[in-house]
Amino acid sequence: MEYNFKEIEKKWQEKWDKEGTFVAKDDYTLPKFYALVEFPYPSGQGLHVGHPRSYTALDIVARKKRLEGINVLYPMGWDAFGLPTENFAIKNHVHPRIVTEKNVAHFKEQLKSLGFSFDWTREVNTTDPSYYKWTQWIFLQLYKKGLAYKKEMAVNWCPSCKCVLANEEAAGGVCERCGSEVVRKVKSQWMLKITEYAEKLLDGLNGVNFIERVKTQQRNWIGRSTGAQVTFKTSAGDDLEIYTTRPDTLFGATYMVMAPEHALIEKWADRLTNLDEVRAYQAEAARKSDFERTEVAKDKTGVKLVGVTAINPVNGREIPIFISDYVLASYGTGAIMAVPAHDERDYAFAKVFDLPIIEVVKGGDVTKEAYVDCSEGEMVNSDFLNGLTVPEAKKKIIAFLTEKGVGYEKVNFKLRDWVFSRQRYWGEPIPIIHCPHCGAVPLEEKDLPLVLPDVDSYEPTETGESPLAKMTDWVNVPCPKCGAPAQRETDTMPQWAGSSWYFIRYVDPHNDHAIASEEAMKYWLPVDWYNGGMEHTTLHLLYSRFWHQFLYDIGAVPCPEPYAKRTSHGMILGENGEKMSKSRGNVVNPDDIVNEYGADTMRLYEMFIGDFEKAAPWSSSSIKGCKRFLDRVWALGETVKTGEIRPELEGAFHKTIKKVTEDIESLKMNTAIAALMTLMNNLDGSVTTEEWKIYLTLLNPFAPHITEELWVRAGFAGELNAAPWPVFDPAKCKDDTVEIAIQILGKIRARINVAANASKDEVLALAKAQPAVASQLEGKTIVKEIVVPGKLVNFVVR
RNA sequence: GCCGUUGUGGCGGAACUGGCAGACGCAAGGGACUUAAAAUCCCUCGGCAGCAAUGCCGUACGGGUUCGAUUCCCGUCAACGGCACCA
C-alpha cells in the first residue's frame, strides 16, 4: 500500500525544526557522543548522491545513540571558500559571497529534505568573518611559534587556476582540482612547517581507531626512513653531505650525484671546466615540470662536474661527481652517494655513463642487474664489514662514521612543508603586514578578523599576484610596529585552512573570545566518530591532525588527537559502473529521488546498496525494492492489535534487535536492513502493539519519517525520537531446536532437527539412524566422529 | 615498480572465530486478481544430468594444510585505489 511520503516527510521535518528535536544539550554531565561528517563545499551543482551516503550512515548512528539516551552532537556547516565559487563569480559578475549564500541555501534545503538530524543551531561557515577570525588567529599562533614562514622557492603552479598548489594538491604532477599539468615556478610563499610534526603525526596514528587503509596511506605519505647522513670531502675543499638508507654499501659508492639545483655548484663555478655544459643542464632541468622530471621510465641523464671530485670517507678513494635530475633537491641533502651494484637507479645511470660497479653484498649477479634486496646477503669488498649481514654492517658503519665524525644516524621524511598561500581572492586574508624596516609584522589579535575587502574584479593576474594586490587602499597601511608605510600580504589561505579546525568550532560556535570554550572542548572533544572520503586522507585529514596537535601543544585544545575514530565510505557510481559525472551523463540527482520515492526510501536504498566501504553502482530498479518494503511497513500499520510479543516470534525479535544494534555500530547497514526485511517476512501480515513498538524503533534511524508517523498513528505515547532503544535478551536469541547437517567425509548426506541442548551422543545416535547416512556407512569403518554443537556432524570413514 | 584493497548466481550483495555457500533485495519466468494494464499477492530461480527421488560440479585460476576452506598458507592472473627516481 502506497503512503503519502511527501506530506509525512514535510510534516516531521518541520516539527523537528520547530521543536529543536536534535539540538545537542549543553549539560556536560550526560554521556556524550560526537558524530561528524565532512562538511560540504557548497558548489553550484547542489548535493551529489554521494553526500547522503556518508551523512545517512552517521545519521543512523546518531539517531540510535540518542534513543540509547546519549547526548549526541551531529553538526553541519559549509566549507565555502574556494575556486569554483570564485570562477563562477568572475564569469557572471556576482560577488562570491552572494554565490555562496545562494548555494548554501540550496544545499541546506536539500539536506533538510533528507531528514538528517543535524543540530542546525551550530551551523558554521568558513567564509563568515566571525569564523575566519579564528582561522586567522590560529595562523598567528603558528607564526609566533615559527611554524609559518615565508620563503622563496620552486612551487607547483597550476597555469589554469593561476595559483600555487600544496604538494598534496599536486600529486602525480597534475592539479588536484582542474587536472591541468602543474609547472614549476619560483615564488615567495607562505609555508607551514608540517614537517616539524612528521614524527608526531606518525606516532599519533598508533593511538587512534582509524581504518587501516587510512593509517597506511598517511604513513606512506609521511614516508619515514632511517639511514645515515655522511660527509664526503671534495677536492674543492667543501664538504658534500649526503643522505643514504644504505650506509652499509658505502664501500660500493663509485660516484656521487647532486641535484641540478644544489647550492654548491654555484660555489664551484670557477673550478668547473665544463661550466657551460653544467649550466645548460641546469636550465633544462629548471624548465621541466615535476611531471616530466619524475617520469620513471625515461633514460637517466646527467653531466659530470669536471674539476671537482669527492673522497669516499671509508677508503679514501677519489670518485667523480655528477649532476642529474634523478636526484631531488628537496629530499635529504639534495645529493647522494651512488652505489650502482645495489640500487636500480644508480645502476641505470652507471650503465649510461660507463661507471664502475662494485659488488659489496653477495647474493645477486651485478653484471646483469642491481641487487637491491639484501636481506640475506653477506658483505664483501668492504674491508672491516666483510662477512657481516646487512643489518650488522649498518650498525657497525654508523658507529664507525660517528666515531670519525664524518657521519651519523639520521631519520628522513618524504613529507614536505605545506605551501599555504594562494593568489586568489576568495579565501581568508593572511593577517600579515610587510614593512620595509620591520619585515613581516603579524596583526595584533585584537585587530582580527582581517576582513576580506570587496573588490571590483576577482580576475587572477597573469603576474601571479592575488587580485587583492590591486586594492591599494586596503593594501597600503602603516606598519603596526614603526608606523612607516607598509603593505598587507595579498595572498590568501588555501581552502584547507577553514576545514582544518571546524570540528572544534562546532562545540561552541558562537564564542567571541576563543576558538571555543575550554569546558565545551573538554566535554565534546575528541570527535568520537568521523566519516569521510578517502580522497581527503593525505589532505584535510592530515592537515587537521597537524593543526590540532599544534593547538594541543600551545594549550589551546585539551586532547592531542582530534578524531578518535575514522571510517570511510565507498563512492556511489553511475548505473554503468563508472564514476558519476556530467560528461558521462550518468549523474543521479538526489532531488529527483526524494521527489519520486521520498527521503526514507532514498536513505534506505543508499544504505542497502552494498558494503559501506566499497564503491557501488546506482541502480534505479533496486531502489524500488526499498520503496516496496516501506509500503509494506505502512500496510502493516493497519493491522496493529493490542498485545505482547507473540511467543513464537520472541526469538525472531530478540535476534533482530541484536543484529540491528550490532550492525549499526559496525556500519553494516545493509545487513541490518536485510534483518528488518526478514523479520517483516516472518510476521505473516500482522503485528501486536509490543511488536510494533520494537519494529518501529529499530527502523527509525534508517527511515525516521514514516516510523514517527506510524508511531503516532498506532496511538503510542509521545514521539518516537524520545522512545528507548530496545534491548535484547541473549537467552532469547537462542532457538530451542537446531538443524544439524550430517556429513560423511565432508559431504552433506542428511539434516536433522535436534534439541539445542542435546548431548553429543544423542546427536551421533540420531545421525547414524538416518537412512541416507546408514546406507553410506554400511561396510565402512568410522575412523573419526566430529561433532560441532549446534552446527554439524562429520563422519570420517574408510 | 612499491604499498594497499578486492575477485562469490543474470545484477547489488550475505556467510560469526575454519563448520549447511548464495541471506536480503533487484531482474527474469510462471500463476492469481483484473475487461485490460499498472499495482499487489503466491510460486520458481548457481550449473550439468535426470520424469523424479537424487547425483555430480561450483566462491578468479593452480597448488597446499585440514575430518572439513569463500574463510588459512604458497604461487599465478585480473580489477580498483594510493604513491611513484624519496637514495
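Residue numbering restarts at 1 for every chain, and letters A, B, ... go by the order of the sequence lines. What you see is a predicted model; the values in this text were computed from it and never measured.
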Atom NZ of A:K624 and atom P of B:A38 are separated, to the nearest Å, by 12 Å

Rounded to whole Å, the CZ-C1' distance (A:R632 to B:U40) equals 11 Å

Answer for the Watson-Crick or wobble partner of B:A60, both distances under 3.5 Å, is B:U76

As its Watson-Crick or G-U partner within any shown strand, both distances under 3.5 Å, B:U70 has none

From CG of A:D248 across to P of B:A87 the rounded distance in Å is 13 Å

Sidechain-backbone polar pair: A:N412 side chain, A:R224 backbone, donor-acceptor under 3.5 Å: no

(Q) Taking 4.0 Å as the cut-off, does a side-chain nitrogen or oxygen of A:K747 come that near to OP1 or OP2 on B:C57? (A) yes

One should read off an interatomic distance between A:E535 CD and A:L541 CG, to the nearest 0.5 angstrom, of 11.0 Å

Residue pair A:R246/A:E344 against RNA chain B: nearer the 5' end by closest nucleotide is A:E344

For B:A87 and A:Y331 - does any side-chain N or O of the residue sit under 4.0 Å from the phosphate oxygens OP1/OP2?
yes

key: Between A:Y255 and A:F353, ring centroids under 6.0 Å   = no

Answer for the Watson-Crick or wobble partner of B:C51, both distances under 3.5 Å, is none

Re B:G81: Watson-Crick or G-U wobble partner, both distances kept under 3.5 Å, found to be B:C3

Per the O4'-C1'-N9-C4 / O4'-C1'-N1-C2 angle with a 90° window around 0, B:G9 comes out syn

Can you tell whether the side chains of A:R566 and A:E38 come within less than 4.0 Å, N to carboxylate O? yes

Quick note, A:K784 side chain, CB onward, closest among B:C24, B:C67, B:A87 is B:C67

Rounded to whole Å, CZ of A:F349 lies from C1' of B:A87 at a distance of 13 Å

NZ (A:K627) and OH (A:Y605) are apart, to the nearest 0.5 Å, by 16.0 Å

In whole angstroms, the gap separating P of B:A87 from NE2 of A:H262 amounts to 17 Å

ask   = Given the C1' atoms of B:G22 and B:U34, what is the spacing between them in whole Å?
value = 36 Å

To the nearest angstrom, the CG-C1' distance between A:D631 and B:A39 comes to 10 Å

- Query: Looking only at side-chain N and O atoms, does A:R213 come under 4.0 Å of OP1 or OP2 in B:C3?
  - Reply: no

Exercise. Can you tell me how far P in B:C67 sits from the matching atom in B:A87, rounded to whole Å?
Worked result: 47 Å

- Query: Base, sugar-phosphate alone, or nothing: which one does A:Q743 contact when heavy atoms must sit under 4.0 Å apart?
  - Reply: base

Test for a donor-acceptor pair under 3.5 Å between the base of B:C16 and the side chain of A:K791, counting only N and O atoms. yes

Checking N1-N3 plus N6-O4 or O6-N4 for Watson-Crick, or N1-O2 and O6-N3 for wobble, each under 3.5 Å, the partner of B:U17 is none

C1' atom, B:U17 versus B:U70: distance in rounded Å?
15 Å

Using Watson-Crick geometry (N1-N3 plus N6-O4 or O6-N4) or G-U wobble (N1-O2, O6-N3), each under 3.5 Å, B:U40 is paired with B:A32

Heavy atoms of A:F5 and A:E596 approach each other most closely as CZ-O, 3.3 Å

Taken to the nearest whole Å, CG/A:L792 to P/B:A69 is 12 Å

Whole-Å distance, A:R219 CZ to B:C2 P, equals 21 Å

The answer to which of A:D343 and A:P617 contacts RNA chain B further toward the 5' end, by nearest nucleotide, is A:P617

Open item on the list: If you go through the side-chain atoms of A:K300, does one of them form a donor-acceptor pair with the base of B:C85 closer than 3.5 Å?
Closed with: yes

